[in-house]
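A quick write-up on the structure given underneath.
This one's a predicted model, so the numbers in the text were calculated from it and none came from an experiment.
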Amino acid sequence: MTELSKIGVIGAGTMGSGIAQVFAVAGHHVLMQDLSEPALDRARRSMETSLQRLVKKGSLTEPQAAAAMARVSSTTVFDLLDDRDIVIEAIIERLDVKAEVIRKLDGICRHDAIFASNTSSISLTELAAASAHPGRVIGMHFFNPVPVMQLVEIIRALQTTDAVAEAVTDLTRAIGKTPRVSKDSYGFIVNRLLAPQINEAINCVYEGLATPEDIDSMMKLGANHPMGPLALGDLIGLDVVLNIMETLYQGFDDPKYRPSPLLKQMVAAGYLGRKSGKGFADYPQH
């Protein structure tokens, strides 16, 4: 298989910019694509801020940070991804939108290019079915914040070839991350275990069993968790948690995955956690 050196990233949000950054720091040339120039500008500013934090911590030198930024290009033109060895999409968690991206990539990329999805819960087997070459589709589930979190879940669709799985696993190690491979299933491993715990903590608030602060404190003191489930939900984004729970609920058709009524209400109210300034705690916006 061709060496995976030219990286494409679709989506310039929090995850897309973080993915682009870690590849650039590892020495790869990255083309980040988004529909919006302002989104691409925000992503570049976010990367610059993140890299400066790493410089202050002593993890990178100023020249290394500057070189990483120089390896990142950006575009709103989808067709410029045609020369990429691997394209990673980090866009909205909707099967239809992701499948359409894969179909568009089929029309412009080389037959041996790899398509990876950063989906947190959608079936990779269903996504792969959208491609004329389904064996090239795989999941690379990074965790937020991408520059800090070590794990990348590698999810094999039913159709993913051994060569693609091996190449992506090797690439993940090469950028300093720890790959762990999972078969395809709704939510994979981490979110299948994590999202229901957050959802159940929200049910405890909904039922008035304890305050959010006390629930988080109990899990930190009693289960030795570094962060309580409600604070973690706020960090992830309660809209993301709801999306995962709905995917699990619909995918498995099992009532144990039913989203909490309070979770649905909070998302409807725009109380999404840190990114909106309010969730189970208040977060001043600067």
Take R103 and E100 through the salt bridge (Lys or Arg N to Asp or Glu O under 4.0 Å) test and state the conclusion after the steps.
-> CA-CA 5 Å; R103 283 190 285 269; E100 180 58 27; 3.3 Å; yes

Can you name the side chain to side chain donor-acceptor pair (under 3.5 Å) partners of R42, sequence neighbours left out?
-> none

Got H141 and T119 here, is their nearest side-chain heavy-atom distance under 4.5 Å?
-> no

Heavy-atom side-chain contact between M227 and L235 under 4.5 Å = yes

Minimum heavy-atom separation for S117 to L127, with atom names?
-> OG-CD1, 3.7 Å

Is there a donor in the side chain of T125 and an acceptor in the side chain of D184, or the other way round, less than 3.5 Å apart?
-> yes

Checking side-chain contact (heavy atoms from CB on, under 4.5 Å) for the pair N118/E93: CA distance, chi angles, key distance, verdict?
-> CA-CA 9 Å; N118 184 55; E93 280 287 280; over 6 Å; no

So CG of N203 and CD1 of I198: to nearest 0.5 Å the spacing works out to 12.5 Å

Is it true that the side chains of D106 and S131 contain a donor and an acceptor less than 3.5 Å apart?
-> yes

In the hydrophobic clustering that connects Ile, Leu, Val, Met, Phe, Trp and Tyr at side-chain heavy-atom distances below 4.5 Å, which members other than M218 occupy its cluster, ordered by chain and number?
-> none

Electrostatic pair K6:D83 at N-O distance under 4.0 angstrom = yes

Closest non-hydrogen atom pair, T169 against A165 = OG1-O, 2.7 Å

Within a radius of less than 6.0 Å around CD of E166, do more than 12 heavy atoms belonging to other residues, nucleotides or ligands occur?
-> no

Can you hop from L248 to V241 via hydrophobic side chains spaced under 4.5 Å?
-> yes

Please determine if K104 forms a cation-pi arrangement with F78, meaning its NZ or CZ atom is less than 6.0 Å from the six-membered ring centre and no more than 45° off the ring axis.
-> yes

Run the numbers on R156 and D162 for salt bridge (Lys or Arg N to Asp or Glu O under 4.0 Å), then give the verdict.
-> CA-CA 9 Å; R156 293 191 60 154; D162 290 342; 2.7 Å; yes

When Ile, Leu, Val, Met, Phe, Trp and Tyr are grouped by side-chain heavy atoms lying under 4.5 Å apart, directly or through other members, which residues fall in the same group as L193?
-> I189

Keeping the roles fixed (side chain from Q150, backbone from G176), state whether a donor-acceptor pair exists under 3.5 Å.
-> yes

Does L230 offer a backbone N or O that forms a donor-acceptor pair with the side chain of D216 under 3.5 Å?
-> yes

Mind checking whether T61 and V55 have side chains closer than 4.5 Å, heavy atoms only?
-> no

Same cluster for I175 and I10 if Ile/Leu/Val/Met/Phe/Trp/Tyr side chains link at under 4.5 Å?
-> no

From the list L171, T160, V168, side chain to side chain contact (heavy atoms under 4.5 Å, CB included) with I154 holds only for V168

Across all chains, not counting sequence neighbours, the side chain to side chain donor-acceptor pair (under 3.5 Å) partners of S73 are none

Taking only distance into account, with no hydrogens and no angle test, what donor-acceptor pairs under 3.5 Å do side-chain atoms of residues 20-39 form with protein atoms, sequence neighbours excluded?
| residue | atom | partner | partner atom | Å |
| --- | --- | --- | --- | --- |
| Q21 | OE1 | S50 | OG | 3.0 |
| Q21 | NE2 | S50 | OG | 3.0 |
| H28 | ND1 | S5 | O | 3.4 |
| Q33 | NE2 | T76 | O | 3.4 |
| D34 | OD1 | S36 | N | 3.0 |
| D34 | OD2 | A12 | N | 2.9 |
| S36 | OG | A39 | N | 3.1 |

Students should find that the hydrophobic cluster of L209, defined by side-chain heavy atoms under 4.5 Å apart, otherwise consists of none

Does L194 reach the side chain of Q197, with side-chain heavy atoms less than 4.5 Å apart?
-> yes

Go through the steps to decide whether D85 and R110 satisfy the test side-chain contact (heavy atoms from CB on, under 4.5 Å), and finish with yes or no.
-> CA-CA 8 Å; D85 301 315; R110 302 190 316 267; 2.9 Å; yes

Which atom names give the shortest non-hydrogen contact between Y249 and Y257, and what distance separates them?
-> CB-O, 3.5 Å

Decide whether F188 and L151 are clustered together by the hydrophobic rule: side chain heavy atoms of Ile, Leu, Val, Met, Phe, Trp, Tyr closer than 4.5 Å, transitively.
-> no

Cluster overlap F115 with M140, hydrophobic side-chain contacts below 4.5 Å | no

Indicate yes or no: does D41 engage R44 in a salt bridge with an N to O separation below 4.0 Å.
-> no

Working for side-chain contact (heavy atoms from CB on, under 4.5 Å), residues S120 and F143 = CA-CA 9 Å; S120 57; F143 292 79; over 6 Å; no

Do the side chains of I215 and L238 join up, straight or via other hydrophobic residues, at under 4.5 Å, putting them in one cluster?
-> yes

Looking at side-chain heavy atoms only, is the closest gap between C109 and D82 below 4.5 Å?
-> no

With side-chain contact (heavy atoms from CB on, under 4.5 Å) as the test, would you mind laying out the steps for F142 and M149 before giving the verdict?
-> CA-CA 8 Å; F142 291 81; M149 299 294 281; over 6 Å; no

Verify, without hydrogens or angle tests, whether S217 (side chain) and E213 (backbone) share a donor-acceptor contact under 3.5 angstrom.
-> no

Among side-chain atoms of S182 and E153, is any donor-acceptor pair under 3.5 angstrom?
-> no

A195 and I244 have their tightest heavy-atom pair at CB-CG2, 3.6 Å

Non-hydrogen side-chain atoms of L105 and R136 separated by less than 4.5 Å | no

CE of M245 to CG of N191: how many Å apart, nearest 0.5 Å?
-> 10.5 Å

Supply the atom-to-atom distance L242 CG to I236 CD1, rounded to the nearest 0.5 angstrom.
-> 13.0 Å

Can you find a pair of side-chain heavy atoms, one from Q159 and one from V137, that are under 4.5 Å apart?
-> no

Flag the pair M219 / L232 as yes when at least one side-chain heavy-atom distance between them is below 4.5 Å, and no otherwise.
-> no

Take D234 and Y283 through the side chain to side chain donor-acceptor pair (under 3.5 Å) test and state the conclusion after the steps.
-> CA-CA 10 Å; D234 280 354; Y283 305 93; 2.6 Å; yes

Decide if atom CG of D253 counts as having more than 12 heavy atoms of other residues, nucleotides or ligands within a radius under 6.0 Å.
-> no

Taking the side chain from E89 and the backbone from G16, do they hold a donor-acceptor pair closer than 3.5 Å?
-> no

